[in-house]
There are 2 protein chains.
Amino acid sequence: MAEQLSDRGKRILEAVIEDYIATAEPVGSRTVTRSHALALSPATVRNVMSELEEMGFLISPHTSSGRIPTDKAYRLYVNSILEVKHIARDNREEIQRRCRLAGKDLAQVLQETSRLLSSTSSYMGVVMAPRPAANVFRQIEFVKLAGRRILAIMVSQNGTVQNRLIQTEEEIPPEDLVRMANYLNELLEGLTIAQVRERLLEEMQSEKVRYDSMMSRALCLSEQTISTEGPELFLEGQANILDQPEFADAAKMRDVFRAFEKKSTLLDLLDRSMHADGVQIFIGSESHLLNMEGMSLITSTYMTGKDTVGVLGVIGPTRMGYGRVIPIVDYTAKLISRLLEAD
Amino acid sequence: MAEQLSDRGKRILEAVIEDYIATAEPVGSRTVTRSHALALSPATVRNVMSELEEMGFLISPHTSSGRIPTDKAYRLYVNSILEVKHIARDNREEIQRRCRLAGKDLAQVLQETSRLLSSTSSYMGVVMAPRPAANVFRQIEFVKLAGRRILAIMVSQNGTVQNRLIQTEEEIPPEDLVRMANYLNELLEGLTIAQVRERLLEEMQSEKVRYDSMMSRALCLSEQTISTEGPELFLEGQANILDQPEFADAAKMRDVFRAFEKKSTLLDLLDRSMHADGVQIFIGSESHLLNMEGMSLITSTYMTGKDTVGVLGVIGPTRMGYGRVIPIVDYTAKLISRLLEAD
DNA sequence: CGTTAGCACTCGGGTTTTTTGAGTGCTAAT
DNA sequence: ATTAGCACTCAAAAAACCCGAGTGCTAACG
């Protein structure tokens, strides 16, 4: 019962998994013997598969049909059976080619990266942008537009730009805007956005500001500028998973799309995977954060310079070509890191 | 044969359309007599419906079943039968509520608007952002980041911000960046982006610049900043249409998603509808631009001040609650216009 | 003992057949 | 002009049926 997994068991499990990945059909003993050149008869394979089922690696959808791998099987597979291939040459080339045409702003780059992940993997690409709160303040600027509207622009060290349209009560002369910006730039230099927020609050309390209407107005404006929102998420290629046979059923399709519509749960998951460097793999409902039965997530962190700032990855069916996708995610993360690296 | 559509015919057609909109099922003569209090027997209705079929307003999927409206019928319906209701109170309230929490940047506002359209209509929301080329240049700015990277930020009159990360060959001292920005701001003041591009080219040819390396570098940088891309498109709530029974079939679903994946055709269509003010309605394959069999598009233009700058709308099945959706689109467009209005 | 051939059995999925009922067109009566 | 009546149609749902891949088990075999 609590038997150890034999070497032969492993090989057969591998065969089942790979067949299932390829066909999305429950795989039977005969198929295994045919496709993978094991010198074994179907009967023997049946016995082994039966054991594997007892151990919880396989289940059969119903009595008389082949078996399909469980999440536990996939876990074992990616951990100790699968050897990760080197990235396929044409994948590598495409990634390089598409990364080259950068020169856009950060958001565009990340979105493009997400598309890239999606199209090279043929699943869904996902990129979590650097979380604003960790950015380091670089500069703030106010641009006067028509009427009483001004545009506040805040730039971070890493090139992120946040901007806000602000409708002011009364008109503010341009000189004042400049002075306000100078004041704030000095005040906030080198702080992270999180710290900026604190500092603003402190400053608003302080005596000397209390009675300087311009300063207090400046603080007020800048506070409005700072985003309180979580990091952005770029999710591309949703249509790709429509081709997966497991979602052929319309109801399942709907569920999947609904699930990804509110991105918060996914964000949680990605956020969590930021704390461990390198490639990580979430299989099926292991991470019961998302109701991802039948879905897996492969992520890798990316960085600017030395700091891990974000996560990117691929979401696909549990039945996914891990050997092919893992290197893609890995490589893309490294390339993005290189791209963002200050040199 | 080329009979005129009688008044009674109209009423019955209306009944059929409205029933079909409500149920998505072919509607038969009996249903019509029951749901809409016409003092007519099924047999009479049958006769009329038969005429309507001859005139091309109805077709029956097969001999022995109810009839469904053709695109021609919908066209007639929206043109001369339907009286557009006033916007539903709760819709209006939701729209107002959600527009209030603005203060984001333009892109965010528009995206939120698209979501809003989607959720109030329960179809898909679409918003085409102002086309960059028509914007009026306001200000350019260079922010030096770590290393040789600089961030170029261009602001338009209407509050649009474009920014680019630029990797320079050699380090540029901050003073130079400021001078470059000043030079450009003077040079480009008040021009549209399209004009800006021309001006930049002219200027690059001009004698006095040719030998001033700083100026030419400035021109070079600013050229990189200007987006050559078309206007952005915000398409939200795709999952909504999954609930529509006509897309219950997985293959159709896929087609729809595929169709919307490349947004260019949709952009064309929206662009076209920008040239006519007010609410416009595209039914089914009338606009054979998009392969929108079974889909309709309701748009309205929105403006900043006096200039029409963009289009927003709702995409749904042809079988859509026009009476309900048209006011939503209309009202939203007006509200956005008000929001963007310089006052 | 591990492996394999043989065999009875299961059961989901595809195919065909049947049934059902909403809906039609036509005709005759009002 | 309208309507009741009626025979007819036909898609969709239900039922009946078949098929075969796959299983578990047992017994034979090296």
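Nothing here was measured: the structure is a model prediction, and the numbers come from that model. Chain A is the first sequence line, chain B the second, and so forth, proteins listed ahead of strands; every chain is numbered from 1.
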Exercise. With a 4.5 Å limit on heavy-atom distance, are the side chains of A:S285 and A:D71 in contact?
Worked result: yes
Problem set entry | B:S50 side-chain N/O to B:R46 backbone N/O, donor-acceptor pair under 3.5 Å | no
Exercise. Can you name the closest pair of heavy atoms from A:G125 and A:S118 and give their distance?
Worked result: N-CB, 3.5 Å
Problem set entry | Salt-bridge contact A:K10-A:E14 (side-chain N to carboxylate O under 4.0 Å) | no
For this session: Could you list by number each residue of residues 65-74 of chain B showing a heavy-atom separation from DNA chain D of less than 4.0 Å, or answer none if no residue does?
Result: none
Problem set entry | d(CG, B:L52; P, C:dG25) in whole Å | 12 Å
Exercise. Going by heavy atoms in the side chains, are B:M295 and B:V256 under 4.5 Å from each other?
Worked result: yes
Exercise. Which one, D:dT3, D:dC10, C:dT3, comes nearest to the side chain of A:T44?
Worked result: C:dT3
Exercise. Do A:V84 and A:V78 come within less than 4.5 Å of each other through their side chains, counting heavy atoms only?
Worked result: no
Please produce a list of atom pairs where a protein N or O lies less than 3.5 Å from an N or O of nucleotides 6-9 of chain D.
{"residue": "D:dT9", "atom": "O2", "partner": "B:S64", "partner atom": "OG", "Å": "2.8"}

Problem set entry | Presence of B:S50 side-chain N/O under 4.0 Å of C:dC26 phosphate oxygens OP1/OP2 | no
For this session: Step through the shown structure and confirm whether more than 12 heavy atoms of other residues, nucleotides or ligands are within 6.0 Å of CZ on A:R30.
Result: no
Seminar exercise, completed: Rounded to whole Å, CZ of A:R30 lies from P of D:dT23 at a distance of 10 Å
Exercise. Roughly, in whole Å, what's the span from NE2 in B:H62 to C1' in C:dG25?
Worked result: 15 Å
Exercise. What pairs with A:S122 under side-chain contact (heavy atoms from CB on, under 4.5 Å), at least two apart in sequence or on another chain?
Worked result: A:R324
Exercise. Expressed in angstrom and rounded to an integer, what is the separation of B:N47 atom CG from C:dT24 atom P?
Worked result: 11 Å
Exercise. With a non-hydrogen cut-off below 4.0 angstrom, is A:S60 in contact with a base, only sugar-phosphate, or nothing?
Worked result: nothing
Problem set entry | Atom-to-atom span, CD of A:E51 to P of C:dG2 - whole angstrom | 10 Å
Exercise. Closer to the 5' end of DNA chain C via nearest nucleotide, is it B:R34 or A:V45?
Worked result: A:V45
For this session: Take the protein atom OH of A:Y20 and the nucleotide atom P of D:dG22, then report the distance between them rounded to whole Å.
Result: 14 Å
Exercise. What nucleotide among D:dT3, C:dG23, C:dA5 has an atom nearest to a side-chain atom of B:T31?
Worked result: C:dG23
Problem set entry | Whole angstrom value for the distance that separates C1' of C:dT24 from CD of B:E54 | 15 Å
For this session: May I have the distance from A:I12 (atom CD1) to C:dG2 (atom C1'), rounded to whole angstrom?
Result: 13 Å
Problem set entry | Lys NZ or Arg CZ of A:K252 over A:F247 ring: under 6.0 Å, within 45° | no
